Amino acid sequence: MNSVSDLGSIVSRSLHDTLALSLPLFRPELCLAVTVVLLLLCRMLPVLKMLDSAWVALGGAAFALFYAWSDLRGLPGWLGGDALASRQEIFTGLLVFDSLTAYIRLLLMAFLVLYIPFTKVSGIPDREDGADFYTLVLGATLGMCLMASANHLLMVFMAVEMASVPSYALAGLLKGRRASSEAAIKYAVYGAGASGIMLYGMSLLAGLLGSCHLPTMARQLAGLAGAIPAGNLGGVEMVLVLGGLMLAVGLAFKLSAVPFHFWCPDVFEGAAAEVGGFLSVASKTAAVALLLRIAFGLGMPVAVLPGADSSSALAGQAAALQGALLGDARHFMVATIGLMAALTCTLGNLAAYGQNNMKRLLAYSTIAHAGYLLMGVAAAVALSGSHPASARTAVSAVAFYLATYLFMNLGAFAIVAFLRNALRSEEIASYAGLIRTSPGIVVATGVVLVSLIGLPPLAGFWSKFLIFSALVEAISLSAERPLMLVLLVVGGLNTVFSLYYYLRVLKVMTFDPLPADRPGEALSLVSFPGAIVTALAVPVVMLGIFWSGLYACAQLAGAFAS
Amino acid sequence: MQPLFPATLLVLVPLLPLVGAICTVLLGRRLGPRAHLPAVAGIAGAAAVALILLLTTYAEVGHGGAHSEPVRPVEMITTLWQWASVEGTPAGEGLTSGAQQGFSIPVTLRLDPLTATLLVIITGVGLLVAIYSIGYLHDDPGYPRFFALVSMFVFSMSMLVAASNFLLVYVFWEAVGACSYLLIGFWYSKPEAARAAKKAFLVNRVGDFGLAIATFLLWMTYGTLNFHDTPNSAIEGILSQTRLADPGGIVGGVIGTAICLLLLLAACGKSAQMPLHVWLPDAMEGPTPASALIHAATMVTAGIYLITRCAPLFVACPGALAMVSIVGATTALVAALIATVQNDLKRVLAYSTISQLGYMFASLGTGTMLGFTAAIFHLVTHAFFKALLFLGAGSVMHAMGGVIDMRRFGGLRKVMPITAATFLIGSLALSGVPPFAGFFSKDEILATLHAKAYPSAHAQEHGDLPVAAGADRSPLHLAAYSSDAHAATPAGAAVGLDSLNTPAVWQTLFWMSLVTAGLTAFYTFRAVFMTFTGPVRVPPEAGHHAHESPPVMTWPLIILAVPSVLAGWLLFSTDALAHFLSATPSLWAESVRHTATPLEFHWDLAIQGTLAAAIGIAVAAIGHLGRRSDLPQMERYLGPLEPLFANKFYFDQIYQALIVKPLEGLALLAALFDRSVIDGLVDGVARIPVALGSLVRNMQSGLLQRYALAGVMGVLAIVYALAWQLRG
């Protein structure tokens with residue numbers, strides 16, 4: 001065997017892997033990449049300068065949405081097949097394509113298709129900044145897609161950075177405003193610190209486990225746990241815990257989880273509402289997906305690991321044994337995630353009390369919702385060892401939550417942006433008596449905020465209901481009963497807390513008298529801004545009534561956790 | 001005939017008024033004085049379609065001589081969509097408990113002779129009332145609202161009679177109740193109107209509760225709520241032809257009796273029968289056209305409809321059936337007695353409505369084919385002449401500037417001749433004077449009661465027919481009881497009630513009805529004489545308004561007067577209605593059908609009825625004809641009975657003392673507890689998050705260094721917590 005033919009076979013194999021296998025499953029990301037290039041080209045060529053970059057970006061996003069949709073439809077689990085067979089490692093194992101990838105990508109692309117018209121109508125960015133803005137948005141979204149499909153620590157870091165760096169620039173988009181620049185600097189410094197810590201943690205883990213490939217790491221971890229008697233790991237255990245915690249710091253930063261949430265209110269208040277919407281929806285979606293990836297990648301039972309043939313009984317037993325060995329790792333993750341969930345949710349909701357700025361209020365609301373999402377993830381991980389079917393249900397609950405969250409939170413930020421244009425203010429007090437001038441917008445605000453509280457019959461109710469039912473399942477089935485019970489109680493209490501500050505906004509809008517000297521004009525639903533708000537608020541109602549279709553998709557996404 | 005053809009048309013009957021209502025709501029303000037257009041157009045369309053449906057169904061039933069039976073039951077069903085559907089595990093044999101079974105509620109409309117007849121009444125009277133209202137309410141600020149509500153009511157009522165499912169019946173039972181509530185309270189700024197609306201709603205809730213429980217019981221007993229058979233299902237519809245053909249198909253015994261009594265309670269609420277009749281007189285606070293449509297002609301007949309539709313259920317429970325008649329005849333008599341001393345023209349008519357509905361209940365309770373068809377016959381004629389009388393009273397009220405107390409006006413026949421003439425026709429019909437409509441229908445009811453009370457007399461006449469005798473325990477029913485495992489022995493309540501079913505009871509009921517006929521004539525003509533005869537007197541409120549009403553109001557009166565004269569004779573002489581109705585699946589049931597008797601005109605009964613009416617009119621004439629209506633009246637001869645009648649047998653006072661006051665006391669206690677204990681607790685708890693929130697907010701200083709410090713401290717805290725947990 002000579003080295004030339006060896007090299008040749010490697011090249012041909014990787015070519016085959018890239019061209020025939022990986023690229024067809026990478027079409028949405030490719031669309032985004034091409035669109036970014038096009039946007040940059042448009043800036044350079046004088047002929048194309050006339051072209052509005054928003055439409056270019058929207059076109060690219062629409063193509064990406066189409067491909068993401070056809071990818072999800074193409075999954076074997078679509079319409080009741082076996083979803084487990086869909087796991088496919090691409091790009092030599094750096095990324096993985098499975099139902100979660102397809103679902104999150106679809107969410108992100110749908111978000112873009114809604115988000116770009118919204119920013120176009122709201123007027124931020126202006127025509128001048130449009131190309132920069134959309135380049136950054138599409139680039140960050142590309143990074144988020146990679147976050148959702150990362151299968152390798154290297155890719156995790158790359159993806160997080162790719163999503164974060166454009167976000168820092170976006171936060172400073174309002175160049176003239178001091179608050180905006182301050183927010184960008186804070187965000188960047190805090191983000192850089194978090195990235196550094198995360199990288200450190202990754203290197204600790206990789207060094208100890210000898211690989212960056214998540215399934216391989218899980219196998220190594222199981223082997224490590226099997227080799228040494230429990231409780232006697234000594235230094236290895238310490239390093240593992242430290243590495244895991246440092247990795248968690250990076251993720252917590254992206255999720256704005258307590259105690260790494262401090263950037264969130266400052267950045268949201270300083271940056272434009274449009275940017276806040278982007279950070280709070282897209283970034284959160286990708287971060288939750290990444291958390292699921294890492295938690296299940298490292299704590300996953302080995303049944304679906306490459307190499308293990310799940311069909312034979314012997315391999316099944318071996319898988320069960322290794323699954324049991326990973327129990328400690330899962331316990332560590334559940335404890336960390338659960339603790340953070342409880343803190344994040346409570347702090348977010350409590351701090352939202354007494355806020356006067358709508359964007360700041362929504363920032364705390366975002367933090368609180370990250371807490372609810374983390375609860376779902378904690379329940380899913382807690383169930384994953386012993387009850388894979390229930391774990392899948394819990395992941396479906398998280399996936400469903402993300403989809404409804406897209407509409408209600410983007411809707412909230414859109415309303416803030418349009419009201420800022422109309423009233424020249426983002427203070428809650430300036431919304432007084434809005435129902436007399438713009439009743440349609442107030443109704444839409446009511447829909448969105450009540451859905452954020454989680455009251456029926458709106459979409460937010462089902463999201464919370466599914467998360468809480470996953471927690472109940474975890475209480476009755478998993479070994480983490482006390483923590484899950486605490487989470488359920490905390491979640492329930494927080495839902496009650498959150499009533500007050502969301503409803504206060506509605507109270508100001510409806511009951512407070514209209515100031516005599518209201519600046520700005522009324523906002524009708526029959527207008528471009530009104531149409532955007534309607535397009536975001538109507539799904540909140542519709543998904544509250546007809547939720548089974550979306551839930552079927554979410555169940556498909558949940559199938560990845562098996 | 002294409003089965004699709006009537007099915008598609010049937011959807012239009014409720015749909016057109018619904019569209020009319022929605023258009024009125026949306027465009028009402030823009031249309032201004034023309035706001036009636038969508039509603040009138042919608043109801044007119046529905047009336048036309050209903051007429052076509054009636055003719056189609058009639059053709060389907062087939063004609064035939066007076067003595068021939070229809071060949072087969074006629075029923076057309078169209079399922080619009082599946083409202084709710086829960087898969088169930090495959091059910092076992094026979095009647096199974098609901099738990100294992102699937103639950104499905106199809107939105108299904110049905111067309112059969114009963115539905116077709118009622119649809120024509122509802123849309124026809126609805127149309128005339130809507131047209132009349134154009135004139136009656138022309139200056140009212142709530143003009144569009146009124147038409148939206150009337151349209152909505154016609155929609156709900158036609159859905160109620162067209163629905164083929166108990167749950168849908170319940171939904172629209174509530175919907176008509178809601179429309180009624182909104183129309184009684186139409187002038188909501190008037191405290192009496194608001195109070196009357198509330199009273200009607202609350203009293204009706206009692207009946208609705210009965211319907212809800214009956215629905216649950218039906219579901220538990222039969223495993224379905226459909227009237228009809230569901231395709232590809234082992235479960236037969238409760239009133240389906242397959243089940244009705246089966247002698248053991250209907251459950252009797254305790255459960256069956258309970259269901260029937262609960263249905264009767266529901267019917268009593270909606271149709272204002274004792275003891276739930278108290279809401280109807282107060283409901284006269286609503287606009288008179290609404291009273292004519294809802295509280296005289298259509299909605300209050302929903303109870304009659306429900307019992308007729310469930311006829312096989314009732315026939316299987318003779319005790320419950322007897323209760324229907326007892327309630328009906330008692331209500332008829334009591335309401336007639338109260339009506340004799342009322343001075344408010346609309347209230348006289350309201351008590352008269354209660355009384356006439358009591359007649360129909362008495363007729364239904366006989367459980368014979370003649371009883372059911374006679375009740376519907378009276379329902380039809382009553383709808384015409386009572387709507388006519390109400391609209392006439394409205395016309396008077398309109399001219400008198402809102403005054404309706406008969407003591408304050410008189411001699412109006414000279415002021416408003418058309419109203420007077422049509423009102424007289426309506427009164428003759430109501431009193432049962434031959435040959436007006438009411439005579440024939442009331443005669444049939446008396447005949448059916450008479451047949452029950454004196455079975456031997458009738459058996460001699462038709463010795464060859466298995467006439468329902470006394471207890472109505474035909475061999476067929478005994479077979480039904482013994483073959484049904486669920487009701488092997490009709491024990492408990494059923495047995496207790498069955499003892500009511502004796503000829504002595506029926507004889508009492510018959511004589512009560514005859515007395516009521518006389519009283520009816522008396523109070524009706526008392527009102528006629530007080531209002532239209534004597535010297536002309538007009539209250540000051542009328543101002544220059546005292547004139548005949550505009551044509552848009554008088555034409556409906558004239559149109560309604562025609563059937564009030566002719567409908568009885570036409571329908572009776574040809575026996576068309578009874579023949580037609582007997583093809584309704586519910587009445588086609590073996591247990592009902594074998595009681596059918598050929599058409600007969602009972603001279604003796606007709607003479608008794610006419611005599612009673614003549615005496616009533618004569619007494620009224622002696623007391624009131626040509627006199628000033630503000631002079632002392634007949635009731636001074638009643639002695640100690642007068643306050644009893646005038647206070648409506650003290651029903652309101654008894655309810656007030658026994659139900660309302662204790663409840664108010666309880667509510668007061670609950671309110672106190674809520675305000676002091678619960679609110680205090682809630683307020684206290686609500687302060688906690690605010691305090692905590694301000695604590696948390698202070699951590700957000702805006703300084704990056706502090707954020708970093710907090711992050712580090714946080715990680716250390718988590719490490720500590722984990723280490724503590726792992727060790728422990």
Side-chain angles (χ1 to χ4, degrees), chain A residues 179 182-183 185-190 193-194 197 231 233 237-238 241-242 244-246 248-249 252-253 257-266 269-270 328 331-333 335-337 339-340 343 346-355 360 363-364 482-483 493-494 496-501, chain B residues 25-30 81-87 102-105 107 171 678-728:
Chain A
E182 187 190 325
I185 291 286
K186 267 187 195 166
Y187 193 16
V189 171
Y190 210 82
I197 295 173
L233 283 167
E237 190 188 41
M238 191 60 157
V241 166
L242 263 183
L245 266 180
M246 288 174 163
V249 168
F253 162 72
V258 172
F260 306 98
H261 68 285
F262 290 102
W263 61 272
C264 187
D266 290 0
E269 193 181 1
D328 279 338
H331 175 67
F332 165 73
M333 286 191 285
T336 316
I337 298 173
L339 209 62
M340 274 191 182
L343 283 177
T346 313
L347 242 81
N349 276 321
L350 287 182
Y353 274 65
Q355 296 299 340
R360 214 174 163 82
Y364 283 113
L483 182 60
L493 275 180
N494 270 300
V496 178
F497 289 166
S498 66
L499 263 173
Y500 170 76
Y501 63 87
Chain B
V25 169
L26 293 180
L27 304 173
R29 265 187 225 163
R30 223 164 286 177
W81 71 85
Q82 206 72 20
W83 183 17
S85 181
V86 178
E87 299 269 320
F103 176 75
S104 76
I105 298 296
V107 176
V171 167
I678 296 185
D679 278 6
L681 267 176
V682 169
D683 287 349
V685 170
R687 279 191 204 102
I688 298 173
V690 177
L692 286 176
S694 68
L695 212 71
V696 172
R697 260 199 322 281
N698 290 337
M699 284 162 60
Q700 191 85 22
S701 57
L703 294 175
L704 207 53
Q705 300 89 317
R706 290 208 191 152
Y707 294 176
L709 183 68
V712 171
M713 302 291 278
V715 172
L716 287 179
I718 292 176
V719 167
Y720 181 77
L722 282 175
W724 185 72
Q725 203 183 9
L726 285 175
R727 226 159 278 281

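Naming: A, B, ... by sequence-line order, numbering from 1 per chain. Only a predicted model underlies this, so the values are computations on that prediction, with no experimental measurement involved.
Chain B forms more heavy-atom pairs under 4.5 Å with one residue of A:A252, A:P265, A:A194, A:G193 than with any other, namely A:P265. Of the listed residues (A:L245, A:V249, A:L339, A:T346), the one with the most heavy-atom contacts under 4.5 Å to chain B is A:L245. Comparing B:S694, B:G711, B:A717 by how many heavy-atom pairs each has under 4.5 Å with chain A, the most go to B:G711.
Looking at A:M246, there are no atoms closer than 4.5 Å to chain B (heavy atoms on both sides), in backbone or side chain.
In terms of heavy atoms, A:A351 sits closest to A:Q355 at O-NE2, 2.8 Å.
Every residue meeting the side-chain contact (heavy atoms from CB on, under 4.5 Å) condition with B:L703, not counting sequence neighbours, appears here in chain and number order: B:S701, B:Q705, B:R706. Not counting sequence neighbours, the partners of A:E269 by the side-chain contact (heavy atoms from CB on, under 4.5 Å) test are A:N357, A:R360.
To the nearest 0.5 Å, atom CZ of residue A:F253 and atom OH of residue A:Y187 are 5.0 Å apart.
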